[in-house]
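Here's the structure, in structure tokens; my notes come after.
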Amino acid sequence: MEFKYEIFDTHSHYDDEAFNEDREAVFEQIKREGVGGILNCACSKASLKTTNDLTINYDFIYGALGIHPSDANDYNDDVRKEIIELATNNKKILAIGEIGLDYYWEENPPRDVQKRVFREQMKLAEELNLPVVIHDRDAHADTLEIMKEFPKVIGTVHCFSGSLEFAKECVKLGYYIGITGVVTFKNARKICEVVEGIPLDRLLVETDCPYMAPVPNRGKRNKSDYIRYIIEKIAEIKEISSKEVNLAVNDNFYRLIHNKK
């Protein structure tokens, strides 16, 4: 299917080294394919600057600034001040992220460190009146607990991997559910149930590129024009048109960045 309308990728990592050799060419190619906007999400201390630089150098790229749970040991007052300075001086910084919890990797910082840093960045988002981009891997209960501690904060649960019941709890708090290329995988029963059971006005689409390319490009480097396959799969599950899905998720993202539940 050829998309004739704008695609917005709500989660990407174009400052990743996977794009070092051909970043400019990729940007030109995805724009030709209908990608009208990208939210590039920082995850490390170094990526705060590289993400901010991308937003300055490219008119269609926006940014989220935060420290990923895998790098939670790097979060300190200097990093907090850097995020505040960049977010205050750059109107294209739209969110705090990606932040959250990741209990999957044993080598990650201790859980108490991750939870402390998550809470500190949620508090920062509240202070700056910005939505959050939450990373949650194998940490659903603790993630939900901390989300509930900050009722003034909304955002998206990126690359959603929980149950339909968990998704409904997130939606009750005003959050959106981020759907990646995983929804196109053969073994994606759980996320397909989430897409079916959550209203369209609470879904967002994202690539998380260069990771998790959807079928038929699974295993390849991901990029934002592949988001069409995610849109088409959601349309199939919802039994509506791809255009209806695309227009809805774009509107959802607009509401999110304007901090509307």
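Remember, predicted model here, so these are calculated numbers, not experimental data. Residue numbers run from 1 in the order of the sequence given.
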Open item on the list: Set out, in order, the CA-CA distance, both residues' side-chain angles and the distance that settles side-chain contact (heavy atoms from CB on, under 4.5 Å) for Thr207 and Thr180, then state yes or no.
Closed with: CA-CA 5 Å; Thr207 59; Thr180 65; over 6 Å; no
Task: Intermediate values then yes/no, side-chain hydrogen bond (donor to acceptor under 3.5 Å, both in side chains), Ser224 and Tyr14 - done: CA-CA 10 Å; Ser224 295; Tyr14 279 105; 2.8 Å; yes
TODO: Run the numbers on Glu126 and Met122 for side-chain contact (heavy atoms from CB on, under 4.5 Å), then give the verdict.
DONE: CA-CA 6 Å; Glu126 184 177 53; Met122 288 287 283; over 6 Å; no
TODO: Starting from the C-alpha separation in whole Å, work towards a yes-or-no answer on ring pair (Phe, Tyr, Trp, His ring centres under 6.0 Å) for Phe160 and Phe166.
DONE: CA-CA 10 Å; Phe160 192 85; Phe166 176 51; 5.4 Å; yes
TODO: Quick one: do Thr143 and Ile134 satisfy side-chain contact (heavy atoms from CB on, under 4.5 Å)? Show the steps, please.
DONE: CA-CA 9 Å; Thr143 297; Ile134 291 180; 3.9 Å; yes
Task: Working for side-chain contact (heavy atoms from CB on, under 4.5 Å), residues Leu204 and Phe8 - done: CA-CA 9 Å; Leu204 294 176; Phe8 199 105; over 6 Å; no
- [ ] Would you check, one step at a time, whether the test side-chain hydrogen bond (donor to acceptor under 3.5 Å, both in side chains) holds for Arg255 with Tyr176?
- [x] CA-CA 10 Å; Arg255 288 204 317 274; Tyr176 295 81; 3.3 Å; yes
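If you take CD1 on Ile179 and CD1 on Ile227, they are separated by 11.0 Å, rounding to the nearest 0.5 Å. The structure places SG of Cys170 at 11.0 Å from CZ of Arg202, a figure rounded to the nearest 0.5 Å. To the nearest 0.5 Å, the span separating CZ on Phe185 from CE on Met212 amounts to 7.5 Å. In this structure, Ile177 CD1 and Leu203 CG are separated by 7.5 Å, a value rounded to the nearest 0.5 Å. Annotation: the span from Cys43 atom SG to His135 atom NE2 amounts to 10.0 Å, rounded to 0.5 Å. For the atom pair Leu86 CG and Thr55 OG1, the distance stands at 8.5 Å (nearest 0.5 Å).
A salt bridge links Arg119 with Glu149: at least one charged nitrogen is closer than 4.0 Å to a carboxylate oxygen. Remark: Lys45 does not engage Asp78 in a salt bridge, criterion side-chain N to carboxylate O under 4.0 Å. Ion pair Glu232/Arg228 not flagged as a salt bridge, since none of the NZ, NE, NH1 or NH2 atoms sits closer than 4.0 Å to an Asp/Glu carboxylate oxygen. We find that Lys172 and Glu169 are joined by a salt bridge, their nearest charged nitrogen and carboxylate oxygen being less than 4.0 Å apart. Of the charged side-chain nitrogens involved, none lies within less than 4.0 Å of a carboxylate oxygen, so that Glu85 and Lys81 do not count as a salt-bridged pair. Taking 4.0 Å as the cut-off between side-chain N and carboxylate O, Glu127 and Arg80 count as a salt-bridged pair. With salt bridges taken as basic N to acidic carboxylate O contacts below 4.0 Å, none links Lys168 and Glu165.
If you check the side chains of Tyr211 and Arg221, you find no donor sitting under 3.5 Å from an acceptor. For the residue pair Asn52/Asn90, the side-chain donor-acceptor check at 3.5 Å is satisfied. Side chains of His68 and Asp102: no donor on one and acceptor on the other come within 3.5 Å. Donor-acceptor pairing under 3.5 Å is recorded for the side chains of Asn40 and Thr51. Between the side chains of Asn252 and Asp201, not a single donor N or O lies within less than 3.5 Å of an accepting N or O. Side-chain atoms of Ser44 and Asp71 form no donor-acceptor pair, as typed in the model, at a separation below 3.5 Å. Side-chain contact, Glu98 with His13: a donor N or O sits under 3.5 Å from an acceptor N or O. Remark: the Tyr226 side chain and the Glu33 side chain contain no N/O donor-acceptor pair separated by less than 3.5 Å.
Side-chain atoms of Arg23 come within 3.5 Å of backbone N or O of Asp16 as a donor-acceptor pair. The closest donor-acceptor contact from the side chain of Asn76 to the backbone of Val79 lies under 3.5 Å. Judged by distance alone, with hydrogens and angles left aside, the side-chain atoms of Gln121 form a donor-acceptor pair with the main-chain N or O of Ile67 at under 3.5 Å. Side chain of Lys233 to backbone of Val183: no donor-acceptor contact under 3.5 angstrom is found. No side-chain donor-acceptor contact under 3.5 Å links Glu6 to the backbone of Gly34.
Pro131 is not listed as a side-chain neighbour of Thr156, based on a closest heavy-atom distance of 4.5 Å or more. By the 4.5 Å heavy-atom criterion applied to side chains, Ile154 and Leu173 are not counted as neighbours. Residues Lys148 and Leu144 meet the side-chain proximity criterion, which asks for heavy atoms closer than 4.5 Å. The shortest distance between side-chain heavy atoms of Ile38 and Ile30 falls below 4.5 Å. Counting only heavy atoms from C-beta outward, the side chains of Leu94 and Leu130 never approach each other to under 4.5 Å. Asn222 has its side chain out of reach of Asp208: every pair of non-hydrogen atoms, C-beta onward, lies at least 4.5 Å apart. In this structure, the side chains of Leu101 and Arg137 stay at 4.5 Å or more apart for every pair of heavy atoms. No side-chain heavy atom of Asn246 sits less than 4.5 Å from a side-chain heavy atom of Lys243.
Shown here is Lys238, whose NZ atom has more than 12 heavy atoms of other residues, nucleotides or ligands within 6.0 Å. Annotation: Glu106, atom CD; neighbour count of heavy atoms from other residues, nucleotides and ligands within 6.0 Å does not exceed 12. Atom CD of Gln29 has more than 12 neighbouring heavy atoms from other residues, nucleotides or ligands inside a 6.0 Å radius.
Closest heavy-atom contact between His140 and Ser161: CE1-OG, 3.6 Å. Nearest heavy-atom pair, Gly181 versus Ile230, reported as atom, atom and distance to 0.1 Å: N-CD1, 3.4 Å. Closest heavy-atom contact between Pro69 and Gly100: CB-O, 3.2 Å. Across Ala64 and Leu39, no two heavy atoms sit closer than the pair N-CD1, 4.0 Å. Contact record, Asn217 with Ala213: O-CB, 3.3 Å, taken as the closest heavy-atom pair.
In terms of the ring pair (Phe, Tyr, Trp, His ring centres under 6.0 Å) criterion, Phe150 has no residue partners (sequence neighbours excluded). Asp225 is linked by a salt bridge (charged side-chain N to carboxylate O under 4.0 Å, His left out) to Lys223, counting only residues two or more places apart in sequence or in another chain.
Note: His11 and His158 have parallel aromatic rings, judged against thresholds of 30 and 60 degrees for the angle between ring planes.
Just one of Thr10, Ile234, Ile7 meets the side chain to side chain contact (heavy atoms under 4.5 Å, CB included) condition when paired with Val205; it is Ile234.
Taking the six-membered ring for Trp and the full ring otherwise, Phe27 and Phe19 have centroids separated by 6.0 Å or more.
A cation-pi arrangement is present between Arg111 and Tyr103, with the terminal nitrogen or guanidinium carbon under 6.0 Å from the aromatic centre and inside a 45° cone about the axis.
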